[in-house]
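Right, one structure below, let's go through it.
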Amino acid sequence: MPSLNILRYPDPRLHTLAKPVAVVDARVKELVSSMLQTMYEAEGIGLAATQVNVHERVVVIDVSEGRDKPLVLINPEIGWASSETKINEEGCLSVPGIYDGVERAVAIKVTALGLDGQRHTHEADGLLAVCIQHEMDHLQGKVFVEYLSPLKRSRIKTKMIKQSKSD
């Protein structure tokens with residue numbers, strides 16, 4: 001599978017609202033395979049289809065130590081989130097080299113289709129819960145830096161534009 005090009009903030013395509021996947025077919029399975037390859041090559045722990053300019057509700061995640069337990073979420077929906085929140089340091093493959101604190105629910109319950117086309121429910125806490133919430137934001141057209149102050153966001157945007165010109 002070919003690896004995909006990851007959009008970089010402030011690319012306006014990152015703000016596109018993802019559409020639901022109608023059916024889990026060979027095309028979607030190939031997309032998932034390419035997304036996983038791209039995520040592993042970029043040394044990330046999560047990737048949303050929006051980040052590779054495919055505006056469908058598909059997320060891949062692997063927070064395992066061995067990088068061998070991928071989680072595929074198609075049309076994910078958070079059914080429950082704990083009222084307890086925590087600020088965690090987050091980074092993003094679309095905003096390379098930038099890390100900052102974002103407040104998120106400590107635990108969540110998410111329902112999504114798997115590669116088998118069946119609906120599955122996953123309970124998550126810790127890093128997995130943070131990652132799922134982060135990637136689901138991408139499906140809503142939201143990048144983690146949008147949780148930061150306008151001043152921080154402006155500085156990050158300037159830095160990313162400078163980086164893209166020197167690449």
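If you're wondering where the values come from, they're calculated on a predicted model, not measured in any experiment. Excluded from the calculations below are hydrogen atoms, water molecules and symmetry mates; all remaining heavy atoms, backbone and side chain alike, are included.
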Take the angle between the ring planes of H134 and H138 and call it parallel below 30°, perpendicular above 60°, tilted in between.
perpendicular
How long is the straight-line distance from CD1 of I132 back to CZ of R104, given to the nearest 0.5 Å?
11.5 Å
What's the verdict on side-chain contact (heavy atoms from CB on, under 4.5 Å) for K152 and V145, showing C-alpha distance, side-chain angles and the deciding distance?
CA-CA 8 Å; K152 276 188 180 178; V145 297; over 6 Å; no
Do the side chains of C92 and I98 get nearer than 4.5 Å, heavy atoms only?
no
Polar side-chain atom of T111 near backbone of E77 as donor-acceptor pair, under 3.5 Å:
no
Side-chain donor/acceptor of R153 to backbone N/O of L148, under 3.5 Å
yes
State the OG1-CD distance between T50 and E135, to the nearest 0.5 angstrom.
9.5 Å
Establish whether L71 and I74 are linked, either directly or via other cluster members, by ILVMFWY side-chain heavy-atom contacts under 4.5 Å.
no
Interatomic spacing from CZ in R155 to CG in L151 - rounded to 0.5 Å
4.0 Å
Mind jotting down which residue pairs meet the side-chain hydrogen bond (donor to acceptor under 3.5 Å, both in side chains) criterion with at least one end in residues 7-25? Sequence neighbours excluded, please.
R8-D167, D11-R13, H15-E146
Side chains of L113 and Q118, heavy atoms from C-beta outward: is any pair under 4.5 Å?
no
Hey, is the main chain of K69 close enough, under 3.5 Å, to the side chain of D62 for a donor-acceptor pair?
yes
Once rounded to the nearest 0.5 Å, what's the spacing between atom CD of E90 and atom CD1 of I45?
9.0 Å
Answer yes or no: is there a side-chain heavy-atom contact under 4.5 Å between K142 and Y147?
yes
Between V60 and I78, is there shared hydrophobic-cluster membership here, with clusters defined by ILVMFWY side-chain heavy atoms closer than 4.5 Å?
no
Spatial distance of atom CD (Q163) from atom CD1 (I161) [nearest 0.5 Å]:
11.0 Å
For residues Y99 and L93: do they belong to one hydrophobic cluster (side chain heavy atoms under 4.5 Å, members Ile, Leu, Val, Met, Phe, Trp, Tyr)?
no
Check the pair V21 / V58 against side-chain contact (heavy atoms from CB on, under 4.5 Å), numbers first and verdict last.
CA-CA 8 Å; V21 171; V58 178; 3.6 Å; yes
Which distance, rounded to the nearest 0.5 Å, do you find between the CG of L115 and the NE2 of H120?
8.5 Å
Take L73 and M136, measure what side-chain contact (heavy atoms from CB on, under 4.5 Å) needs, and give me the verdict at the end.
CA-CA 10 Å; L73 303 172; M136 286 183 66; 5.6 Å; no
Shared ILVMFWY cluster between V24 and V52, side chains joined below 4.5 angstrom?
yes
Between Q133 and A105, is there a donor-acceptor pair closer than 3.5 Å when you use the side chain of the first and the backbone of the second?
yes
Strictly distance-based, threshold 3.5 Å: is any side-chain N or O of Q51 a donor or acceptor partner for the main-chain N or O of A48?
yes
So among L47, L4, V54, which one has a side chain to side chain contact (heavy atoms under 4.5 Å, CB included) with S34?
L4
Inspect the surroundings of CD in E103 and state if more than 12 heavy atoms from other residues, nucleotides or ligands are less than 6.0 Å away.
yes
Between M39 and V63, is there shared hydrophobic-cluster membership here, with clusters defined by ILVMFWY side-chain heavy atoms closer than 4.5 Å?
no
Closest non-hydrogen atom pair, A112 against P76
CB-CA, 3.7 Å
Has E89 got more than 12 heavy atoms of other residues, nucleotides or ligands less than 6.0 Å from its CD?
yes
Minimum heavy-atom distance Y40-P70, with the two atoms named
OH-CB, 3.7 Å
What one should report as the nearest heavy-atom pair of D100 and F144 is N-CE1, 4.0 Å
More than 12 heavy atoms of other residues, nucleotides or ligands under 6.0 Å from NZ of K109: yes or no?
no
